[in-house]
Peer 1: 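Shown below is the structure under consideration.
Scope of the values below: all heavy atoms of this structure, side chains included, with no hydrogens, waters or symmetry mates.
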Amino acid sequence: MTIRLPARTAVSCSALCVVGALALVPGPVAALGGAHTTATGSRVGTGSAHTGPTPSTANPPPAPPSSSSPPSLPSQPATPATPSTHATLDRPGTQVRLRAGAPGVPREMSARSWLVADADTGDVLAAHNAHLALPPASTLKALFALTVLPVLPPAVRHTVTEADLADIGPGSSLVGVRAGRTYRASDLWRGVFLNSGNDAVHVLAEMNGGWRATAAQMQAKARSLGAHDTRVVSPDGYDMPGQVSSAYDLAVFGRAGLRNTDFVRYCATVRAKFPGDGWAYEIENTNRLLTGADGVAAYPGLIGIKNGSTSQAGSTLVAAARRGGHTLVVTVMDPQEGGRFAVYEEARALLDWGFGATGRVDPVGSLQPRPTSPATAGPPAGARPRPGPAAAPPAGPSAPAGTAAGDSGGPGDALATAGTLAGAAALGGGAVALALRLHGRRSAPRP
C-alpha cells in the first residue's frame, strides 16, 4: 500500500512532462492548426502574416554601363524579360498593346515580319511575326561585326591572298578587295558596312581563323544574346540552305551593336575612301535611309546599322534612330508591296510611329534574353566542377529538404517532434515509477 501514492504521483508527473514539453514547441504544433505550404513555397495559414521585408530577385539592379558604350547612347534600366512577354512575341500576327490615345500601328506595312523596340531599355513596342524564320541577306553582317570587331581592331594590317577571296558567291556585292594588297582592318570594315562587300567579309573571316570557325563563333554569339531563331551558314549573309534569322534576332543584334563605338562609327558613315591601285576611290553607304539616295528621303537622326537584299530574302533592313533622348531600333523583312525601296519607307513609318507611341504603349516583349530557371540551368556540357569554396556546402544550419531555411516544418514535422518528446517524457515517468517501487519494497516492514 505504501507505493500507490508515489506511483500515481509519478504518472501525474509524466503527464505534466508531456504537456510541458509540447508547450515548448509552439512552431511545429501550430502547423497542425490549418496552415499549409503552396507549390511556390509561400506559407498560408490562420496566424498573422509576416509583414517584414523579404529579398526579391524579380527586379535585379541594372548592370553598370559598358565602357564601350557611345556617349550618345547612355545605358538605361532594362525591363526584365519575363516568360509572359516572350510568349506574346511567340504568337503570329501583329502584337501591340495600345493605351488610350496612342496612335495605331502603320497600316501600310506589307513586310512579312517587322519589329520596333526601344533600344535603351529593350522594350518591344510592337511586332509582326517577330520570330518568323526568314533569310536575312546582308543584315546578318551585323552579327558578323558583333563577333569579329572585338578581335580585329582598326589598326590591324593584313596582306590579302588568293585563298582569302576563294569561294565568294556568284553575284555577291563587292567593295574591290584585291589579292596581294595590304589593307588595314578599318578599310575592310568600311567595305563591309558601306558597300556590303562580301569580299571584305571573306578576308576578315580568314583573319579571324577561317570561314567555318567564324560561322561557329557567330552562332555562339547569337545564342549568348538570346537570339535563338538564327542559323548561320555563310557569315556574309549570302543565301544558303538553312540560313535564317528573324526580325526579333536582327533587332537584338542591332541593339547590341549600338553599344560598340566602332560598330556605331562604321554603320553611321555615309561616305569613305577605299584603297585602290595607288589611289583611293569613294564608296557610299547603300542604306538609302541614311544617305537619301535614289529618291529615298534621309531619316533625321538615323544611326544606320545594316540593309540587305538577295533573291531569296527580298529586301531586309535593321535601322536605328535617335530623337528627343530616345533611341529606337526597327527591323523590316521582305516587304510584299511597294517596290525595291519599300523596305526604307516601311522602316520610316515604324520609326515615326515608335517615337509617337513612346510612353503610350505597354511593351509586348523584350530584347533581353529569356530568363533561365536556376533549378534547370546547369553547367555547360563537358564542364568540369571547380574545386574550392563554390563546391562547399553553405555555412550554418541547413534546412530540411523541400523547405526554405528558417521556415517551420509541415504537419509531419510537428507530429514527429511531438511524438519524440512525448515518448521521452513517458520513459522518464516510467523510470521514476520503477525507482519508487523498488524503494518501497526495500523500506516495507519485513514479516
Side-chain angles (χ1 to χ4, degrees), residues 134-222 230-245 250 253 257 262-263 266-267 269 272-287 306-316:
L134 295 169
S138 286
T139 53
L140 194 63
K141 290 181 172 76
L143 176 60
F144 173 75
L146 283 177
T147 306
V148 182
L149 259 175
V151 182
L152 299 177
V156 173
R157 290 180 175 271
H158 177 73
T159 301
V160 178
T161 67
E162 293 287 352
D164 293 342
L165 300 174
D167 301 323
I168 296 176
S172 289
S173 55
L174 304 173
V175 68
V177 178
R178 296 289 182 266
R181 188 173 297 161
T182 299
Y183 297 89
R184 292 176 301 176
S186 57
D187 297 324
L188 298 172
W189 283 119
R190 281 188 282 269
V192 170
F193 277 96
L194 277 67
N195 253 55
S196 202
N198 287 1
D199 48 355
V201 174
H202 273 257
V203 174
L204 288 166
E206 291 303 320
M207 295 168 63
N208 183 58
W211 196 245
R212 291 185 179 179
T214 299
Q217 292 168 23
M218 291 171 63
Q219 191 71 66
K221 183 66 173 180
T230 299
R231 299 292 182 272
V232 180
V233 180
S234 185
D236 54 6
Y238 193 82
D239 286 336
M240 294 292 286
Q243 178 157 278
V244 294
S245 190
L250 293 176
F253 304 151
D262 289 333
F263 187 107
Y266 291 130
C267 76
T269 300
K273 296 292 186 179
F274 193 81
D277 292 323
W279 56 282
Y281 53 93
E282 186 174 84
I283 58 175
E284 183 175 86
N285 202 311
T286 58
N287 185 342
K306 196 69 193 75
N307 57 312
S309 178
T310 66
S311 58
Q312 293 184 26
S315 296
T316 58

Peer 1: Name the atoms and distances for all side-chain donor-acceptor pairs under 3.5 Å in residues 144-160, with sequence neighbours left out.
Peer 2:
from, atom 1, to, atom 2, distance (Å)
T147, OG1, L143, O, 2.8
H158, NE2, D164, OD2, 2.9
T159, OG1, T182, OG1, 2.6

Peer 1: Taking atom CG of L140 and atom OG1 of T230, what is their separation to the nearest 0.5 Å?
Peer 2: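 If we round to the nearest 0.5 Å, L140:CG and T230:OG1 are 7.0 Å apart.
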
Peer 1: Short question: side chain of T316, backbone of P136 - any donor-acceptor pair under 3.5 Å?
Peer 2: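 Yes; judged by distance alone, with no hydrogens or angles, the pair exists.
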
Peer 1: Look only at the side chain of N287 and the backbone of N307, and say whether a donor-acceptor pair between them is shorter than 3.5 Å.
Peer 2: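 Side chain of N287 to backbone of N307: no pair is present.
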
Peer 1: Just how far is it from atom CZ of R212 to atom CD of Q217, taken to the nearest 0.5 Å?
Peer 2: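 That separation rounds to 14.5 Å.
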
Peer 1: Side chain of W189, backbone of D187: donor and acceptor closer than 3.5 Å?
Peer 2: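 Answer holds: no.
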
Peer 1: Just how far is it from atom OG1 of T214 to atom CE of M218, taken to the nearest 0.5 Å?
Peer 2: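 Rounded to the nearest 0.5 Å, the OG1-CE separation comes out at 8.0 Å.
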
Peer 1: Please check if atom CD in E162 has more than 12 non-hydrogen atoms from other residues, nucleotides or ligands closer than 6.0 Å.
Peer 2: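 No, because the 6.0 Å sphere around CD of E162 holds 12 heavy atoms or fewer from other groups.
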
Peer 1: Checking the side chain of Y238 only, and the main-chain atoms of G171 only, is there a donor and an acceptor separated by less than 3.5 Å?
Peer 2: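 It does not hold such a pair.
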
Peer 1: Do S196 and S138 have side-chain N/O donor and acceptor atoms under 3.5 Å apart?
Peer 2: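 On atom types as modelled, these side chains qualify, holding a pair under 3.5 Å.
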
Peer 1: With heavy-atom distances below 4.5 Å as the criterion, would you say the side chains of Y281 and K273 are in contact?
Peer 2: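 No, too far: nothing below the 4.5 Å cut-off.
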
Peer 1: Looking at every non-hydrogen atom in both residues, tell me the closest pair between D167 and H202 and how far apart they are.
Peer 2: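 Looks like O-CE1, 3.6 Å.
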
Peer 1: Which atom names give the shortest non-hydrogen contact between M240 and S234, and what distance separates them?
Peer 2: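 The answer is CG-CB, 3.7 Å.
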
Peer 1: To the nearest 0.5 Å, what is the distance between CG on L250 and NZ on K306?
Peer 2: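 Taking CG in L250 and NZ in K306, the distance rounds to 11.5 Å.
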
Peer 1: R190 and R184: side chain to side chain contact (heavy atoms under 4.5 Å, CB included), yes or no, with the steps?
Peer 2: CA-CA 10 Å; R190 281 188 282 269; R184 292 176 301 176; 4.0 Å; yes

Peer 1: Any idea which heavy atoms bring A137 and A313 closest together, and the distance?
Peer 2: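 Smallest heavy-atom distance, with atoms named: CB-CB, 3.7 Å.
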
Peer 1: So, taking the atom named CZ in F193 and the one named CG in L188, what distance separates them when rounded to the nearest 0.5 Å?
Peer 2: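 Atom-to-atom, F193:CZ and L188:CG are 12.5 Å apart.
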
Peer 1: Does any part of the side chain of L165, heavy atoms only, come nearer than 4.5 Å to the side chain of V203, both counted from C-beta?
Peer 2: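 When only atoms from C-beta onward are counted, L165 and V203 do touch, with a gap below 4.5 Å.
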
Peer 1: Between the main-chain N or O of Q312 and the side-chain N or O of D239, is there a donor-acceptor pair closer than 3.5 Å?
Peer 2: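 Present.
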
Peer 1: Could you pull out the closest heavy-atom pair between N198 and S172, with the gap in Å?
Peer 2: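 That closest heavy-atom pairing would be ND2-OG, 3.0 Å.
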
Peer 1: Tell me the closest heavy-atom pair linking A142 and F253, and the distance in Å.
Peer 2: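 Answer, listing the atom of A142 first, then F253: CB-CB, 4.3 Å.
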
Peer 1: Please name the pair of heavy atoms, one in A179 and one in T161, separated by the smallest distance, quoted to 0.1 Å.
Peer 2: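 The pair with the smallest heavy-atom distance is CB-C, 3.9 Å.
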
Peer 1: Do the side chain of D199 and the main chain of L174 share a donor and acceptor less than 3.5 angstrom apart?
Peer 2: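 Here the side-chain-to-backbone pair does not exist.
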
Peer 1: Counting only heavy atoms not in R181, do more than 12 sit closer than 6.0 Å to its CZ atom?
Peer 2: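 Correct, the count exceeds 12.
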
